[in-house]
**Student:** 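Sharing a structure below in structure tokens format, with a few things to ask.
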Amino acid sequence: MLKTVAEMSAMDIMLTPKTLLKRAVPAAALLVLAGCGGGSDSDSDLQSVNVALSGFIDIETGTRVDADNADALTLNSTPRSTAQSLPQEYVLAGYVSAFNGTYPSIPDFPSFAYAADPSDEFSMSLRAEQSVELQAFGTREGASALRLSLSQGGGEVDSATTNDSTSQISVTNTRGDGSYTVRVESQGPTPMLYVLSTAVNSSGQASSFDWPAHEFVEGEAIVALDAGPDPVSAQTMMTQANMVAAQELAPGLWRVKAPVQAMAVSGQSAEVATLDWIRSLKQQPGIESATPNYKMQTMTPVDEPLYGAQQWHYGLLNGPTAWQLAQNYGAGVTVAVMDTGLYRASSGNWHQDLNANVISPLPPGTDFVSEQFDNDGQPGRDNNPADPGNSVGGSVYHGTHVAGTVAAVVNGSGGGGVAFESTLLPVRVLGDGGSGSSADLLAALQWVSGPSNGQPRADIVNLSLGGLPFIQSMQNAISNATNRGVIFVAAAGNSSTGTESYPAAFDDVFAVSAVDGAGELASYSNFGPWVDLAAPGGDASRDGNGDGRGDVVVSTSVINGTEETYIGLQGTSMAAPHLSGVLALMKGENAALDYETINGFLMAGDLTVADCGSQNCPRTDQLGWGLLDASKAASAAQATPIRDLLTATPAVVSLSSEGARTANVALEVYGDDSETETVTINRISEPPPWLSIDSGPAVNDSGKAFEFVMSLNLEALEPGVSERATLEVTYRGNGSGGTERTLEIPVVGQQVTDQQARDAGRHFVLLVSPEPEGGFFSTEAQTNVVAENGRYRFVFEPDDGVPPKELNEVSPGNYILVAGSDLDNDGLICHGGEACAEYPVAGLRQEITIAAGNPIEGIRMTTSYSRPSISAASPEQLPRPDFQGYQLLSPNPDATNVKALSQP
């Protein structure tokens, strides 16, 4: 995690936060890096001198827990006698068992008892044809069948039962809308875990609640050698290390086979023997890594139209109106994405949703990654900016995701970019693991400005990277390119800090902070007087736009190494390309625009949601000059703008019982201050029952500005359900030949208390040794926490050396930080069906270094029952063959049940 001052990191982590480790080392010696989607927290009550490590664990939207799970029954042994109320959209983990009992003993592992809880009952509102799904998970006692039933008024509506071949079942409401009871019953002798879920609007994507168990080739492995010896020496070494060389995949990287004797283990299957052999390889000297040779399979891309449900970020920045205005869609504008490069298939084509917009032919010298950081098979700088993925760990193809937000094509599948006809110039400056050097970035910045006697190689440069200090030579390179007409955009960083992050904080660079679906500063986003404006970056721990899902930005990516798809990420890395795309729209309308002109537009309020009149907009440290408004930006760029186009501010209205229940929506006519440009209202659509229009324009009203006052009718909403509608305003302008147009105002309404109600069960936060022993990771320190207002807070204290050592005292060293629930009370967390959080991201765990006298505060993670689907691309983490979970500490050696003695 720690890089020298000469190094930087891509902001490259998905779905969950990655954090700046404050004061982990002296600032003059080392630079600590921030990742995409995380940040420290500034709550003052955790700022303590008696802290080794502290932070927060956010809970995924809609998460609930069975009130009488086995862990809860250790504190109160009486199962719940009444139905537990649930919202209409949720994901819940639960436990049932027909009997009391004790789990089978494990060597050097205390015995754990479990309590009887034969059935769980839940009450909820369901709509006609809405389904409730259940996935069953066995425990250390084995697996039993579960029965799921749906009833109303004492009469059963539907039922289903799991069996040896089917662990996923569902029941469907074949009646009308109403209140129903869902019951989960144990049908066998062993305790069981399950995950129950339902949603009003299915996303069409199955969730994984267990660590993936992908198939692999029996008797084969992929091995990386430490020193990268020549092929002859490598084969000799591998023979001595109990493997047979089969194919050199790259220098030092080999596909190997197991000797016959390694597979001929009595009583073992070929699969188990293969895993045991691979574990033995990892212990051999000279072996950097050894992983199974995983089998790949195709995954169908998510079908997302341009204005699809998961394109909330485009609605938030008023993209639909901008596309009406800037109908060149960025054509003729070149955007350089300086990042990890772009995914390139074996056919030679780029990602299918980017290929048409990538510049061809590529100019020479587009890969600036020096040999120290390179892993593309051609060490050092070259002419191929393809992202090869990480050699160790997972890759989210960060540059591909960023490029998709800028310029993914509109082709009927997947989403579209902001400037979906602009030209992409991939420039690779980050190598393995999203890391690189300031020297490489500096060389790329000098290159993109073009030869002294020629033109710049790009109009706009997107820099979704950071973690550098101020470097004068880099400032000089940026200023020189700016003077030649290049416009730079950079991510502000994801450390929830006001400390300057470079390159974003350089002069002549637009620094972009991130907001969630409600336009509020994301929990991880950096801020400060050096931030210029904000754009959608997402926040997986929030549902700011009220669509029933965590706010993530969906864009082009790759999973399992070769499967092109769209995935959701969060971070200022995702915010910056929104601005780059909008600038491309502007340059497509007016090629003469440069940094100075656009900065003037920004300060005058012409690029942001706020209406500042003729005066400069007031700025804030959180959002700079304001939240990006693509439509205003596109209009500002036009030499002869359309002057009778009606637009709404805000572009998307979000009303909820937890947030704003009323909204003032300003309708404005684009154009100058002339009173001659007016529109006449022709029609206004009827609002749904849950939305009231308290005041607004009438049919035949004319003018330049109108206002709707809207309010939420809570009594017309089901608790926990997000409703969506579009208010249509049809109008005719007195310009453009009196063309009739329709303005659509998306409105979302919710009666929710989700943030307060989110609960994934009591969490055990552990610091464990990085390497497992005997199938388990050794736990060095532990603290127990319960949900408070939808999140968990935890603190580890430094080991003071005074006996007895408390469970939450930690000594200096390297650790993996994990947290999770123990719903079946077996002394293990994070196995299938239980909540799990890993730092920085579940499935992509990284070590944390705790040093004496240097507290690490403000760590953020996100917990959920789901598991990541990126697996074969990150073989050191996923799948996890034989992973049994993380082992809890017992407060004393004689304890038979750790939780009976360690109450919160």
Side-chain angles (χ1 to χ4, degrees), residues 63-80 84 91-106 109-120 134-148 162 167 184-197 209-211 759-766 775-776 779 782 784 786 818-837 863-867 880 882-890 895-904:
T63 300
R64 301 293 188 270
V65 66
D66 168 27
D68 53 6
N69 62 75
D71 179 40
L73 289 172
T74 65
L75 307 178
N76 181 355
S77 60
T78 304
R80 186 184 179 98
Q84 183 176 343
V91 177
L92 173 142
Y95 160 91
V96 289
S97 177
F99 307 100
N100 295 311
T102 303
Y103 290 106
S105 61
I106 298 175
F109 194 67
S111 176
F112 286 81
Y114 56 86
D117 179 24
S119 66
D120 290 331
L134 178 144
Q135 183 172 351
F137 300 89
T139 61
R140 283 209 284 126
E141 274 278 56
S144 293
L146 295 181
R147 185 176 190 270
L148 174 67
T162 65
S167 63
V184 180
E185 301 172 85
S186 173
Q187 300 286 287
T190 64
M192 291 288 291
L193 292 175
Y194 62 87
V195 173
L196 204 65
S197 62
F209 300 112
D210 202 354
W211 297 110
D759 191 352
R762 182 158 60 131
H763 266 45
F764 300 85
V765 190
L766 313 180
F776 291 101
T779 300
Q782 171 180 309
N784 306 346
V786 295
V818 300
S821 56
D822 186 19
L823 301 183
D824 57 358
N825 198 51
D826 67 350
L828 299 169
I829 65 170
C830 279
H831 52 74
E834 292 182 334
C836 188
T863 191
S864 68
Y865 303 121
S866 62
R867 300 292 186 262
R880 296 178 177 174
D882 295 346
F883 177 73
Q884 301 180 69
Y886 299 104
Q887 184 175 350
L888 299 181
L889 287 175
S890 175
T896 59
N897 191 309
V898 67
K899 289 175 293 303
L901 300 173
S902 57
Q903 311 212 358

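This structure is a prediction, so every number in the text was calculated from the model and none was measured.
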**Student:** Which heavy atom of Gly188 sits nearest a heavy atom of Ala98, and at what distance?
**Tutor:** O-CB, 3.7 Å
**Student:** Do you know the tightest heavy-atom contact between Asn69 and Asp66?
**Tutor:** ND2-O, 2.9 Å
**Student:** Which atom pair, heavy atoms only, marks the closest approach of Ala760 to Thr63?
**Tutor:** CB-CG2, 3.8 Å
**Student:** Using the side chain to side chain donor-acceptor pair (under 3.5 Å) criterion, which residues pair with Thr139? Sequence neighbours excluded.
**Tutor:** none
**Student:** Could you tell me which residues satisfy side-chain contact (heavy atoms from CB on, under 4.5 Å) with Ala143, sequence neighbours excluded, listed by chain and number?
**Tutor:** Met192
**Student:** With rounding to the nearest 0.5 angstrom, report the CD to OG1 distance, Glu834 to Thr863.
**Tutor:** 10.5 Å
**Student:** Short question: side chain of Asp117, backbone of Val96 - any donor-acceptor pair under 3.5 Å?
**Tutor:** no
**Student:** Taking Arg64's backbone N and O only, do any of them form a donor-acceptor pair with Tyr865's side chain (distance below 3.5 Å, no angle check)?
**Tutor:** yes
**Student:** Please report the C-alpha distance between Asn784 and Arg762 in whole Å, then the side-chain angles of each, then the deciding distance to 0.1 Å, and finally whether the side chain to side chain contact (heavy atoms under 4.5 Å, CB included) criterion is met.
**Tutor:** CA-CA 7 Å; Asn784 306 346; Arg762 182 158 60 131; 3.8 Å; yes
**Student:** What are the two closest heavy atoms between His831 and Asp824, and how far apart are they?
**Tutor:** CE1-OD2, 3.2 Å
**Student:** Can Phe764 and Asp71 be said to form a side chain to side chain contact (heavy atoms under 4.5 Å, CB included), step by step?
**Tutor:** CA-CA 11 Å; Phe764 300 85; Asp71 179 40; 4.0 Å; yes
**Student:** What pairs with Ala67 under side-chain contact (heavy atoms from CB on, under 4.5 Å), at least two apart in sequence or on another chain?
**Tutor:** Arg80, Gln84
**Student:** Taking His763's backbone N and O only, do any of them form a donor-acceptor pair with Ser821's side chain (distance below 3.5 Å, no angle check)?
**Tutor:** no
**Student:** Within the distance-only criterion (no hydrogens, no angle test), does the side chain of Gln782 pair as donor or acceptor with the backbone N or O of Leu766 below 3.5 angstrom?
**Tutor:** no
**Student:** Asp822 side chain to Asp826 main-chain N or O, any donor-acceptor pair under 3.5 Å?
**Tutor:** yes
**Student:** Donor-acceptor pair, Ser144 side chain versus Thr190 backbone, under 3.5 Å?
**Tutor:** yes
**Student:** Set out, in order, the CA-CA distance, both residues' side-chain angles and the distance that settles side chain to side chain contact (heavy atoms under 4.5 Å, CB included) for Leu92 and Tyr194, then state yes or no.
**Tutor:** CA-CA 8 Å; Leu92 173 142; Tyr194 62 87; 3.9 Å; yes
**Student:** Where the side chain of Arg140 meets the backbone of Pro104, is there a donor-acceptor pair that is under 3.5 Å apart?
**Tutor:** yes
**Student:** Nearest heavy-atom pair of Leu146 and Ala136: which atoms, and what distance?
**Tutor:** CD1-CB, 3.8 Å
**Student:** With sequence neighbours excluded, tell me which residues meet side-chain contact (heavy atoms from CB on, under 4.5 Å) with Ser105.
**Tutor:** none
**Student:** When you compare the side chain of Val91 with that of Leu196, does any pair of heavy atoms fall below 4.5 Å?
**Tutor:** no
**Student:** Taking all non-hydrogen atoms of both residues into account, name the closest pair between Gly833 and Val195 and its distance.
**Tutor:** CA-CG2, 4.1 Å
**Student:** Do Asn825 and Tyr103 have side-chain atoms, one donor and one acceptor, less than 3.5 Å apart?
**Tutor:** no
**Student:** State which residues pass side-chain contact (heavy atoms from CB on, under 4.5 Å) with Ser97; sequence neighbours excluded, sorted by chain then number.
**Tutor:** Tyr95, Tyr114, Pro191
**Student:** List the steps and the verdict of side chain to side chain contact (heavy atoms under 4.5 Å, CB included) for Val184 and Arg147.
**Tutor:** CA-CA 6 Å; Val184 180; Arg147 185 176 190 270; over 6 Å; no
**Student:** Taking the side chain as C-beta and beyond, is there a heavy-atom pair between Thr779 and Leu888 under 4.5 Å?
**Tutor:** no
**Student:** My understanding is that only residues two or more places apart in sequence, or in another chain, count here; which of them pass side chain to side chain donor-acceptor pair (under 3.5 Å) with Thr102?
**Tutor:** none
